Amino acid sequence: MPQPIEDPSRILRTRFEAAITAAFPEIPGPVDPVITPSRQPRFGDFQCNAAMSLAKQLGKSPREVAAAIAARVDLADVAEPLTDASIAGPGFINITLRGEALAASVMAMDSPGTLSDLGVTRDENPTTVVVDLCGVNLAKSMHVGHVRSTVIPDAIARTLERLGHRVIRQSHVGDWGLPIAMVTTRLMDELQAGRVLAESVTLDRLERLYRSAQAECERDLKGLEAVRRHGLGPKIEAEVQAQVETATEKFAGARETLLRLQSHDPATVRTWRLIYDVTMDACLKTCARLHANVTAEHTAGESSYAEELGPLVEDLLARGIAEPDQGAIVVRAEGLEVPCLVRKSDGGFLYATTDLAAIRRRVRSLGASRIIYGVDIRQSLHFRQVFAAAVKAGYAALPGGGVARLEHAAFGTVLGSDGTPFKTRSGDTAKLSDLLEEAVARARRVVDERSASLHEEQRALIAEAVGIAAIKYMDLSTDRTKDYVFDFDRMLAFEGNTGPYLLYALVRTRSIFRKAAEEGKDGGWRGSTIVIGEPAEKSLALTLLRYGQVVESVAETLEPHRLCAYLIELAAAFGLFFDQCKVIHAPDDTTRRSRLRLCDLTGRVLADGLETLGIPTVDRM
RNA sequence: GUGCCCGUAGCUCAACUGGAUAGAGCGCUGCCCUCCGAAGGCAGAGGUUGCAGGUUCGACUCCUGCCGGGCACGCCA
């Protein structure tokens, strides 16, 4: 009786590696046997693609090499014997699993209490990973772009957690600097004048104040110059002159506010704190509704680095890492055409300075050996600069030697149907909370129509999950670096490559147990023997077994769309199985139990995958 | 001007990091519910992977040059 096999491709890899070493001892070091699932059933279940590249090194013909490997490999317990026909094309070795071995593998991934956990292997050397996400700004509500900066890194964080790593989420909130000082100044004025009450400040109100504060600090110097150059008359010149003077005053006021904030002036800090609380309260609520794991404890705003920036630049200067340039301080690093600016000529700091401080803290205090930034792709140059500067400064150096992995998980822009960045009909940036509301409302209409028999409360819960799943799946399912078009109709289509389709597949895996119970046929399947007979069963089994490696590949590439594509494939394989293999009315008890177990396992992999992506699930819909 | 990214079916996107005849969904055509949820399944049509070279057993993938589009480029964050 063969030992339980967790994952055929892992077993095959070991076996083929051994065979290659045995056949060609002259090759130094371990060789990747290049085992992949076969794309087409007629090429078997798996294939070994190592012969072609080895042939080159060895100066032999690829088919000869393949034959030598095939002759040495020991597959008796897992696969059908290899024959001449197994070697195909330029040297592919096609492998067909034995039915019992395939079933044993599926049972192994479905055995609680062993190392097998749906086929996901926890990393033996868990690492501490910081995931930078969300990135909201004070006095601004979340917009479409924040779907991406929240959902993508949250999915990455969940994936790493699923693999056993220690993940620390960090929301690098824009809560400091001159723009924040401007709105703080403005709010203090409003409060003082009694035009607004502290208890009733809303984020909408803050957003309006933010805009007007920025506008009034904006000096129209170009306008003034134009007026003078073209001699538009003393009246216009006086008006523009007055604007510039007022703006200069306001600007100076904001600078003073920033200084008072930095020196912890109680009244100023109290107002700043009010802005902070109102903003974060609203944003964290939106994160919660998005089913994203972002809470107050993950917040590490720019303000928390404020005290470190001066000493940090001094440190860089003292060690010759940074140098003065035209009055400013810059870090030049190899491979960087543009130096990284860390202090302005007026003595102010920049966001690169804060990001450097953040890397230092994350590596030295939080113990991160990997830092992942879920930030807009337009900032890739910025991160290249900051990463290079951090490495040069030694801020990314790990205690045991080596350097922390610094990665920018960049994402593209959310576009409207016209191909330009997504806006509302009126041309404003669309608020995220409104978009979530509309997605849920649209889902609700469909649920009311199709699931009229369910209770009102159930329908509301289902619509919530379906709407959120639709938005999140849409965001996660394509290559994150590309732009995508935001389209309610497509994401809520409930068919094809969508979140709702996945939820539907999950619901079907579960509803069959309710139906089976009604007929008194739901017993005895737990721990029963899985039998793989029908092609649809085989296809489902092979798909199930890929789960663990897909999760690993997401952790490595930081590309959640791979998991999305996999889950759709799994749902499709289940759909075919469900269509072609009677479960409750299977020909015999053994088959029925085996199929019930496959339904249960499929449901748990779907649910686990969705949870790993951060997509909410439902039991029925 | 310099640098980065992207051009794949009518549309929206994949392609396991160089593997076999480039796959899904939408839309289109035709089937499958007295039978476990048809929000489903099956089949068909649809491609010179922007263009031209190169590297090699093998290229959507790597290299070079064009064409077309997007983005970013030290004193904003």
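Since we're looking at a predicted model, the values are computed, not measured. Proteins get letters first, then strands, A, B, ... in listed order; numbering begins at 1 in each.
Using the six-membered ring where Trp is involved, F488(A) and F486(A) have ring planes that are perpendicular, over 60° apart on the 30 and 60° scheme.
Rounding to whole angstrom units, OH of residue Y566(A) and P of G23(B) are separated by 21 Å. Counting to the nearest Å, the C1' atom of U34(B) and the NE2 atom of H585(A) are 13 Å from each other. For the pair F411(A) CZ and A72(B) C1', the computed distance is 15 Å after rounding to whole Å. When the P atom of U12(B) is taken as reference, atom CD of E495(A) falls 18 Å away, rounded to whole Å. Straight-line distance from the CZ atom of F578(A) to the P atom of A38(B): 6 Å, rounded to whole Å.
For the pair R384(A)/E337(A), a side-chain contact is recorded, criterion being any heavy-atom separation below 4.5 Å from C-beta on. Put simply, the side chain of V331(A) does not reach to within 4.5 Å of the side chain of Q385(A), judged on heavy atoms. The shortest side-chain heavy-atom distance between D475(A) and I152(A) falls under the 4.5 Å cut-off. Using a 4.5 Å heavy-atom threshold, the side chains of Y547(A) and T612(A) count as touching. Counting heavy atoms from C-beta outward, L502(A) and L506(A) have side chains that stay 4.5 Å or more apart. R592(A) places a side-chain heavy atom less than 4.5 Å from the side chain of K521(A).
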Base-pairing string, 5' to 3', of RNA chain B - Watson-Crick or wobble, under 3.5 Å, | interstrand: (((((.(..((((.....[...)))).(((((.......))))).....(((((..]....)))))).)))))....
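Across all strands, F513(A) comes closer than 4.0 Å to no nucleic acid atom at all (heavy-atom distances). Residue-level contact check: T420(A) touches neither bases nor backbone, having no heavy atom under 4.0 Å from any strand. Counting any heavy atom pair closer than 4.0 Å across all strands shown, C581(A) reaches a base atom. Counting non-hydrogen atoms under 4.0 angstrom, R343(A) reaches nothing in the nucleic acid. Contacts of S511(A) with the nucleic acid, taken as non-hydrogen atoms under 4.0 Å apart, include base atoms.
Of the two residues contacting RNA chain B, namely E559(A) and S345(A), the nearest-nucleotide position lying further toward the 5' end is that of E559(A). When each of R546(A) and N94(A) is assigned the nucleotide of RNA chain B bearing its nearest heavy atom, the one mapping closer to the 5' terminus is R546(A).
Among U17(B), G37(B), A77(B), the nucleotide with an atom closest to any side-chain atom of L350(A) is A77(B). The Q40(A) side chain lies nearest to A20(B) when the options are G27(B), A20(B), A14(B). Side-chain atoms of A328(A) lie closest to C75(B) of the nucleotides A15(B), C75(B), A20(B). Which of C13(B), G3(B), G70(B) sits closest to the side chain of D483(A) comes down to G70(B). Which of A72(B), A77(B), A14(B) sits closest to the side chain of L381(A) comes down to A72(B). If you check G37(B), A20(B), G41(B) against the side chain of L576(A), the one that comes closest is G41(B). When each of A77(B), G37(B), A72(B) is scored by its nearest atom to the side-chain atoms of K515(A), the top-ranked nucleotide is G37(B). Of the listed nucleotides (G19(B), C57(B), A20(B)), A20(B) has the atom at the smallest distance from the side chain of R39(A). Residue F43(A) places its side chain closer to A20(B) than to any other of C75(B), A20(B), A39(B). The side chain of F92(A) approaches G19(B) more closely than any other nucleotide in the set C75(B), G19(B), G37(B).
Relative to the ring axis of Y566(A), R546(A) does not place its NZ or CZ within 45° and under 6.0 Å from the centre.
For the C1' atom pair drawn from U21(B) and C28(B), the interatomic distance equals 24 Å after rounding to whole Å. Comparing the C1' positions of C57(B) and A52(B) gives an interatomic distance of 24 Å, to the nearest angstrom. For the P atoms, the distance linking G40(B) with G27(B) amounts to 10 Å, nearest Å. Taking atom P in both U8(B) and G44(B), one finds a spacing of 25 Å when rounded to whole Å.
T353(A) contributes no side-chain N or O that forms a donor-acceptor pair with the base of A77(B) under 3.5 Å. No donor-acceptor contact under 3.5 Å links the side chain of D376(A) to the base of A72(B). At a cut-off of 3.5 angstrom, counting only N and O atoms as typed in the model, there is no donor on one side facing an acceptor on the other between the side-chain of Y504(A) and the base of A39(B). Between the side chain of T36(A) and the base of C16(B), no donor-acceptor pair under 3.5 Å is found.
The phosphate of G41(B) has OP1 or OP2 within less than 4.0 Å of a side-chain N or O from Y501(A). Phosphate contact (OP1/OP2 of A38(B), side-chain N/O of R508(A), threshold under 4.0 Å): present. At G70(B), none of the side-chain N or O atoms of K482(A) fall inside 4.0 Å of OP1 or OP2 (strictly under the cut-off). Contact annotation: H382(A) does not reach the phosphate of C73(B) (side-chain N/O to OP1 or OP2, under 4.0 Å).
Taking the syn range as angles within 90° of 0, the glycosidic angle of C5(B) is outside it, so the base is anti. U17(B) shows a glycosidic angle within 90° of 0 and is accordingly assigned syn.
The pair D489(A)-R442(A) meets the salt-bridge criterion, since a charged nitrogen lies less than 4.0 angstrom from a carboxylate oxygen.
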